[in-house]
Asks: 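Take this structure first; my questions come after.
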Amino acid sequence: MSNQPLLEVKDLTTSFFTSRGEVQAVRGVDFNVFPGEILGIVGESGSGKSITCMSILRLLKNNGRVIKGSANFEGQNLLDLVEPDMRKLRGNDIAMIFQDPMTSLNPTLTVGEQIIETIITHRNSSRKAARQRVIELFELVKIPEAASRLNSYPHEFSGGMRQRVMIAMALSCDPKLLVADEPTTALDVTIQRQILLLLKEIQSRLGMAIILITHDLGVIAEAADRLLVMYGGMVMETGNVDIVFAKPAHPYTQGLLTSVPKVNTSNREKLLPIPGSPPDMLRPPTGCPFAPRCLHAMEVCVEEVPPSFELEGDHIHKSRCWLRHPDAPEAKGEAA
Ligand code: ADP
Ligand code: MG
């Protein structure tokens, strides 16, 4: 893995301005994405995962605004680009896959026509070359009988196959970064896994970087290299996937991991959700956003947002938790 990040996000802060007040959706998020890695982002619904990505891709709804921060992609700050430059980048270097392919596919055109059009526009290729490329992409995403499926309309595909079409479309311009935001949530669990693992396989063949937002911690464990755990608009923990799963440092991550159903048991175990509910981002807590639900909360946790502490001996692994302060009573050992 190269040491030079492909994307470097610093202090990203995004709010929505609503009739009820300012919703502080993203509050000072820092992270890097290195070329060729899969970065997983997890966290309960409302923790700011999508808005982090939408801010970077500059796809916020009209009432949303990036208040501060930067997002350097190969040396240029995406947040400063004029819209036409940003649009160009979105079609070429950065691609996206969203949850519902029906909203991104044009129901009136065959899937072949749509992707061929995209390739012709972005790559200046001939129709014949573009068509050949689509067949290759369909084979890559394992759509059976690729050549004939080009002539089908979106509604003629199953949900899972439609998602494969979306992935093929996203890959059509050889992106350096692919942002996949819960791309499979609408699908059956087994198909979800197939698609997410397909993404991993494609990544290892094509070598682009992927930001993968998913609820499926099992898939993150199998597919991602590094992990960001988000809560209340902040990054609570980050590190290499193996390490974070083996030794989660943040009480929130520990809670998330114990709420994962076991995949390989026939009677799926009941999810044990973390008691309590996520903060209201109109009035986020003064201190650690997780403090009201945290079994280990100390006085300082309620009063002040903790900094991100590096874990001993692992500069990649960080936890935004006062328990990691050198003077904290439980700093030694895992907060269990
Ligand atoms: P998730 O982690 O589930 O992807 P989001 O990033 O979508 O969460 O949302 C973060 C916060 O921003 C949530 O509190 C959500 O309600 C709020 N939010 C998202 N979009 C808007 C909007 N258009 N207007 C107001 N609040 C919004
Ligand atoms: Mg989301």
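Counting convention: from 1, in listed order, for ligands and their atoms alike. What you see below is based on every heavy atom in this structure, not just the backbone, and it leaves out hydrogens, waters and symmetry mates.
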Asks: So which bit of Asp181 gets within less than 4.0 Å of ligand 1, heavy atoms only: side chain, backbone, both or neither?
Replies: neither

Asks: Starting from atom 24 (N) of ligand 1, what is the nearest protein heavy atom, named by residue and atom, and what distance separates them?
Replies: Asn63 ND2, 3.2 Å

Asks: Taking the side chain as everything from C-beta on, heavy atoms only, tell me whether Val111 gets closer than 4.5 Å to Arg149.
Replies: no

Asks: Looking at atom 16 (O) of ligand 1, would you say a protein heavy atom lies below 4.0 Å from it?
Replies: no

Asks: Can you check salt bridge (Lys or Arg N to Asp or Glu O under 4.0 Å) on Glu237 and Arg324, steps first, answer last?
Replies: CA-CA 12 Å; Glu237 180 161 2; Arg324 297 289 149 183; over 6 Å; no

Asks: Counting only heavy atoms from other residues, nucleotides and ligands, does the tally under 6.0 Å from CD of Glu312 exceed 12?
Replies: no

Asks: Against the six-membered ring of Phe17, is Arg65 placed for a cation-pi contact (under 6.0 Å from the centre, within 45° of the normal)?
Replies: yes

Asks: Check the side chains of Ser172 and Thr118 for a donor-acceptor pair under 3.5 angstrom, ignoring hydrogens and angles.
Replies: no

Asks: If you measure from each non-hydrogen atom of Thr18 to ligand 1, which part falls under 4.0 Å: side chain, backbone, both or neither?
Replies: side chain

Asks: For Ser45, counting its heavy atoms only, list the atoms of ligand 1 lying under 4.0 Å from any of them.
Replies: 3 (O)

Asks: List ligand 1 atoms under 4.0 Å from Ser47, heavy atoms only on the residue side.
Replies: 1 (P), 2 (O), 8 (O)

Asks: In terms of the angle between their ring planes, are Phe309 and His325 parallel, tilted or perpendicular, with boundaries placed at 30° and 60°?
Replies: perpendicular

Asks: Would you check if there is a donor-acceptor pair between the side chains of Tyr252 and Arg320 at a distance under 3.5 Å?
Replies: no

Asks: Can you tell me the protein heavy atom closest to atom 11 (C) of ligand 1 and the distance?
Replies: Ala25 CB, 3.7 Å

Asks: Does some non-hydrogen atom of Gly46 fall short of 4.0 Å from ligand 1?
Replies: yes

Asks: If we ignore angles and hydrogens, is there a donor and acceptor under 3.5 Å between the side chains of Thr108 and Asn106?
Replies: yes

Asks: Taking 2.8 Å as the cut-off, does Ser50 contribute an N, O or S atom near the Mg ion (ligand 2), distance below it?
Replies: yes

Asks: Please report which non-hydrogen protein atom sits nearest to atom 5 (P) of ligand 1, along with the residue it belongs to and the distance in Å to one decimal place.
Replies: Ile51 CG1, 3.6 Å

Asks: Identify, for atom 22 (C) of ligand 1, the protein heavy atom at the shortest distance, and state residue, atom and that distance.
Replies: Phe16 CD2, 3.4 Å

Asks: Does an N or O from Lys61, backbone or side chain, lie closer than 3.5 Å to an N or O of ligand 1?
Replies: no

